[in-house]
Amino acid sequence: MKLLTPSTSKQVEPAFLPPDFNASSGEGSLSLSESDNDIPEKKWKISPEKWICAKSSKVKHSNLNSIITEKLELLILLQRMSKDSMTEENNDCIKNLELETKQVSTDTKCVYCDDEEHGEHGSKKNTKCINLSEDSTDSGYAWVILVSAFFLEVLTGCSLTSFGIMMVDIIDSTEQRASNIAFIGALLSSFLGLSGVLLGPIVHRFGCRVVVFSGSLILALCCLTTFLVRNVIVYYFSMGIVSGVGYSCYQLGAPVAVSHWFQKKKAFSLSVIMTGISVGSMLWGPITRLLINKYSWRGAVLIIGGLQLHGCLIAAILKPGPLLSKSLLEKKRSSRFNKEILKNKRFIIYCFSNFTLLYGHVVPFMMLPIKAESNGISKMNAAVLVAIMGACSTTVRPLVGYLGDKAWFDKNFVFGIFSILGGILTSASFYMRTYNLLIIYACLFGMISATYIPLTLSVAVEIVKKPEFIANGLAIILTVHGLATLVSITAFGTLDYVQLKNNCEKDTVFQHFTQSVHIQNALATTYESTGDRWRTFSYRKAAAAVKRYPRPITSFEEALAIPGVGERVANKIWEIVETGGLRKLEELSNQEDIKAISTLSGIWGVGQTTARQWVSQGIKTLEDVRNKAKLTRPQQIGLKHYDDLLERMPREEAGRIDDFVREKCLGIDADLVILCCGSYRRGKETCGDVDFLITHPDGKSHHDLLPKIIKRLGSFLTDHLVSLQQKGGQSKYLGVCKLDEEGAKHRRIDIITVPRDEYACAIMYFTGSAHFNRSMRHLAGKMGMSLSEHSLNKGVVRKRGEKLNPGVPLPTPTEESVFKHLGLKYLPPNERDH
DNA sequence: CGGCTGTACTG
DNA sequence: CAGTACA
DNA sequence: GCCG
């Protein structure tokens with residue numbers, strides 16, 4: 001085995017080599033004498049000196065035990081200390097190490113077996129040595145185990161990948177500082193590693209089946225908790241600490257299980273499951289994004305929790321194998337922490353450099369989706385970036401492993417160069433704002449990090465030199481990695497581009513930046529009360545543009561350059577950035593009348609005109625309205641539910657309303673097509689109302705449908721605001737509903753029924769957003785067309801806004817067709833916010 | 001200077 | 001027709 | 001109030 005016979009006796013060959021190397025290396029050099037097959041326990045405790053002795057030059061058979069022992073000890077240490085799970089690379093190292101260990105034990109043809117009775121360990125009885133017949137492993141059920149273990153690792157890959165993807169949405173919906181949420185990720189990654197300390201003995205005691213099973217349940221429970229509870233402190237546990245432990249179970253379980261079943265092809269099998277985690281991290285990004293788009297991030301968490309329950313299935317498949325290496329794990333660890341290592345100045349310096357390296361390394365992984373999003377890249381594409389990074393890192397890693405073994409390969413050099421490259425690249429990434437550039441960044445960074453991260457450990461081994469310190473040294477390095485991860489993610493959340501995304505930051509520039517959005521909107525509202533419709537329009541537009549703008553505004557000119565922001569608004573933005581306020585707004589909004597107007601126009605059915613009229617008549621409070629004002633029917637209802645109707649409902653509630661209405665409608669006619677549109681369809685976390693679009697596939701049964709539906713919904717609809725028959729066959733109902741639940745509030749509900757051939761345009765319209773509809777209609781207008789909720793018409797002739805020729809409808813069977821006619825790429829509902 | 005989405009009910 | 005609403 |  002080449003591993004144990006390095007080219008020079010001085011060079012300590014690091015324990016981290018790629019599986020393919022081990023797999024392909026000859027077995028011959030290590031064949032052992034029979035006597036090694038029966039190894040008494042004591043013999044396993046062998047000093048590190050013997051290990052290195054075995055490593056340098058010729059292998060002494062009698063020392064092989066010590067090699068195995070030492071490696072296992074290292075393994076234990078690594079498993080405890082490592083899993084800088086951000087990057088999985090360390091795990092790979094562990095697995096490589098583990099695999100190598102297995103290889104050794106395989107080669108010796110000495111395998112430990114253990115009756116899978118849980119608990120009764122600690123005595124020699126349990127540990128016996130057998131000569132294996134080769135057919136009992138590597139085939140048959142072993143392959144089932146391999147596939148299961150592979151999928152287990154795929155499930156593990158979910159951990160930080162999906163959290164990274166989700167972070168943006170979590171920040172949005174919890175309105176927490178980004179750093180608070182990022183801290184969950186830091187906890188997750190730390191506990192993924194830390195829990196190895198606890199799990200090591202537990203895997204040993206209860207077997208990997210039990211551990212994987214519990215891991216699965218733990219994860220499912222965590223996800224359920226996250227789904228149900230709306231409290232960030234709880235998330236620290238449910239998504240951070242406890243989830244970390246859960247994933248740790250998977251992570252430990254898979255290689256252990258496989259090592260129980262594979263003998264000859266152990267190296268191969270371990271490399272297979274190793275790729276599992278990479279495949280997992282590639283897959284989970286897009287999957288998570290899709291789930292979030294469809295069900296919001298809470299829903300996604302719940303579904304992921306469900307998916308993690310597959311771990312139970314896998315646990316059931318993972319029956320104890322004929323080979324059992326875990327009994328080896330139980331050996332008492334002989335190496336204690338040796339302070340001598342701290343006298344090695346090179347090593348200390350190396351530790352610091354590793355800290356800074358990892359400090360910088362970890363952030364891009366976790367923050368990439370946020371960075372992408374803050375630069376206006378769609379969430380799905382951000383997820384794709386993560387997948388790309390994963391893929392690149394996956395492809396390069398085996399290559400590095402392969403090259404790492406070559407004599408001419410200068411690890412120190414490569415490590416140095418690539419870590420510097422990674423640093424430069426990441427610094428440069430600050431200026432990468434377009435999707436294409438970020439793709440390149442993801443690719444390069446994935447590849448570069450796949451190079452230097454595994455090498456950190458190899459280089460450490462070379463620096464430590466003294467064999468008795470290697471275990472300690474590696475443990476220290478891995479601790480440093482873990483620490484760096486924790487510190488960097490926590491710290492970083494408060495520093496860089498994360499803030500740009502957020503609107504709840506207290507930091508000066510950023511605060512002013514977000515405040516400006518707020519104030520612009522306030523100004524818009526204020527002007528609305530004054531009645532200047534088009535000024536309002538412009539403020540709204542400018543506010544939206546500023547909100548979209550991915551960076552803090554640092555100069556007047558920068559503000560002016562934003563489309564939709566002119567000189568006057570730029571002046572105001574600059575005043576906000578510099579002083580934190582806007583005098584004009586304060587003047588205006590301190591006027592009692594203006595406050596009154598905005599209060600009154602909160603009543604459904606009361607607009608600017610009515611509100612202003614009332615105020616001028618001295619009606620300034622809701623109480624005044626109740627007593628003095630003349631109210632229309634809808635306004636009375638609006639006043640009755642004033643507070644309820646101004647409140648937005650959580651997405652889940654909209655979902656329950658959807659279920660209820662859907663069931664009732666299908667009771668009328670099972671063929672009806674019911675779609676809940678509006679902000680719900682766009683995947684928003686809260687909804688101001690629920691919008692139902694209903695049609696019948698036969699193209700005619702939508703006639704007279706709406707009254708039936710309203711009748712059917714009965715007391716669910718508490719008040720009717722408007723119920724109208726439109727000319728073209730569309731009917732619209734606006735009303736108020738309330739679920740039959742404890743503490744349920746009144747909610748606005750809109751229902752429209754449309755003819756089949758207007759369905760696509762109606763969906764477009766009813767899904768919105770309002771602003772998106774305006775843009776689409778504006779675009780249609782510029783192209784000589786006209787878009788409405790009924791149809792997309794072409795050949796429209798307009799003259800000074802007036803339509804002279806209504807044009808002819810284009811065929812629009814689907815939403816896609818509408819986009820196509822307008823020369824646009826299809827946008828899924830969740831991307832129609834602008 | 002003139003447009004800034006397009007449609008439809010209520011009173 | 002003006003006012004209000006829907007996305 | 002912004003933009004063409």
Side-chain angles (χ1 to χ4, degrees), chain A residues 520 523-524 527-528 530-545 559-573 584 601 603-614 630-635 637-638 645 676-682 684 687-693 720-735 748-752 754 758 761-782 785-793 796 798-803 806-807 829 832-833:
Chain A
Q520 296 295 308
L523 203 58
Y527 273 115
E528 202 157 58
T530 332
D532 190 336
R533 210 184 138 208
W534 293 117
R535 190 175 295 188
T536 311
F537 177 83
S538 280
Y539 278 119
R540 284 253 149 74
K541 210 175 157 196
L560 193 57
I562 302 172
V565 176
E567 209 184 332
R568 324 275 295 268
V569 170
N571 267 322
K572 291 184 175 65
I573 289 178
K584 182 143 188 170
S601 55
I603 301 170
W604 199 95
V606 176
Q608 306 311 309
T609 314
T610 316
R612 244 179 295 126
Q613 278 169 6
W614 283 350
K630 214 195 282 170
L631 295 172
T632 65
R633 176 84 204 148
Q635 286 167 348
I637 299 165
L645 296 193
C676 189
C677 298
S679 48
Y680 182 77
R681 183 158 182 253
R682 295 203 312 279
K684 297 284 131 196
C687 305
D689 66 355
V690 259
D691 310 287
F692 289 95
L693 177 61
H720 308 315
L721 291 164
V722 200
S723 189
L724 43 124
Q725 293 287 314
Q726 289 181 350
K727 58 176 181 194
Q730 285 197 7
S731 303
K732 183 182 274 191
Y733 169 85
L734 312 178
R748 281 276 295 103
I749 180 170
D750 299 345
I751 306 171
I752 59 175
V754 307
E758 291 181 7
C761 288
I763 293 184
M764 291 280 300
Y765 156 69
F766 224 33
T767 299
S769 65
H771 194 272
F772 172 81
N773 286 351
R774 288 172 150 204
S775 320
M776 291 287 279
R777 290 169 184 208
H778 182 77
L779 180 68
K782 281 203 300 191
M785 297 189 262
S786 167
L787 176 65
S788 75
E789 54 267 52
H790 298 286
S791 60
L792 176 64
N793 287 24
V796 182
R798 287 185 184 82
K799 196 175 176 186
R800 285 218 268 127
E802 264 175 288
K803 227 182 273 175
R832 300 187 199 163
D833 283 339

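Proteins get letters first, then strands, A, B, ... in listed order; numbering begins at 1 in each. Everything numeric in this text was worked out from a predicted model, so none of it was measured.
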Nucleotide nearest A/T632 when distance is taken to its side chain, options B/dT7, B/dG11, C/dA7:
B/dG11
Heavy-atom closest pair (A/R748 atom, A/G735 atom, distance to 0.1 Å) is NH1-O, 2.8 Å
Under 4.0 angstrom, heavy atoms only, what part of the nucleic acid is A/I752 near: base, sugar-phosphate, or nothing?
nothing
Minimum-distance nucleotide (side-chain atoms of A/F537 versus C/dC6, B/dT5, D/dC2)
B/dT5
By side-chain hydrogen bond (donor to acceptor under 3.5 Å, both in side chains), A/Y680 pairs with (sequence neighbours left out) none
With centres under 5.5 Å and planes under 30°, do A/W534 and B/dC4 count as stacked?
yes
Given atom CD of A/Q608 and atom P of C/dG3, what is their separation to the nearest angstrom?
11 Å
Classify the side-chain pair A/Q730/A/E789 by whether it contains a donor and acceptor separated by less than 3.5 Å.
no
What is the distance, rounded to the nearest whole Å, between atom CD of A/E789 and atom P of B/dA8?
7 Å
Sugar-phosphate, base or nothing in reach of A/T767, heavy atoms under 4.0 Å
sugar-phosphate
Using a 4.0 Å heavy-atom cut-off across all strands, classify A/Y765 as base, sugar-phosphate, or nothing.
base
Rounding to a whole Å, what distance do you find between A/Q635:CD and B/dT10:C1'?
10 Å
To check you understand the geometry: which heavy-atom pair defines the closest contact between A/I603 and A/Q635, and what is its length?
CG2-O, 3.7 Å
A/R612 CZ - C/dG3 C1' separation (whole Å):
11 Å
Once you round it to whole Å, what is the distance between P of D/dC3 and CD1 of A/I562?
11 Å
Pairwise C1' distance, D/dC2 and B/dT7 [rounded to whole Å]:
26 Å
From CD1 of A/I603 across to C1' of C/dA5 the rounded distance in Å is 15 Å
Roughly, in whole Å, what's the span from CD in A/Q730 to P in C/dA5?
20 Å
A/L734, nearest nucleotide to its side chain (from C/dC6, B/dC9, B/dT7)
C/dC6
Please work out if A/N773 contacts a base, only the sugar-phosphate, or nothing of the nucleic acid, heavy-atom cut-off 4.0 Å.
base
Compare side-chain N and O positions of A/H778 against OP1 and OP2 of B/dG3 and report whether any pair is under 4.0 Å apart.
no
Could you tell me whether the side chain of A/R777 has a donor or acceptor atom within less than 3.5 Å of a complementary atom in the base of B/dG6?
yes
Categorize A/R774 for me: base, sugar-phosphate, or nothing, with a 4.0 angstrom heavy-atom threshold over every strand shown.
base
A/V754 and A/A762: which non-hydrogen atoms are nearest, and at how many Å?
CG1-CB, 3.7 Å
Please work out if A/R748 contacts a base, only the sugar-phosphate, or nothing of the nucleic acid, heavy-atom cut-off 4.0 Å.
sugar-phosphate
For A/W604 and C/dG3, give me the distance from atom CH2 to atom C1', rounded to whole Å.
12 Å
Using the test side chain to side chain contact (heavy atoms under 4.5 Å, CB included), find all partners of A/R535 that sit at least two apart in sequence or belong to another chain.
A/Y527, A/D532, A/Y539
Counting side-chain heavy atoms from C-beta on, which of D/dC2, C/dA7, C/dG3 comes nearest to A/D691?
C/dA7
When the nearest nucleotide of DNA chain B is assigned to A/S786 and to A/L721 on a heavy-atom basis, which residue is associated with the more 5' position?
A/S786
Which nucleotide, D/dG1, C/dA7, C/dG3, lies nearest any side-chain atom of A/V569?
D/dG1
Can you tell which of B/dT7, D/dC2, B/dT10 lies closest to the side chain of A/R568?
D/dC2
Looking at every strand, decide which applies to A/R540 at a 4.0 Å heavy-atom threshold: base, sugar-phosphate, or nothing.
nothing
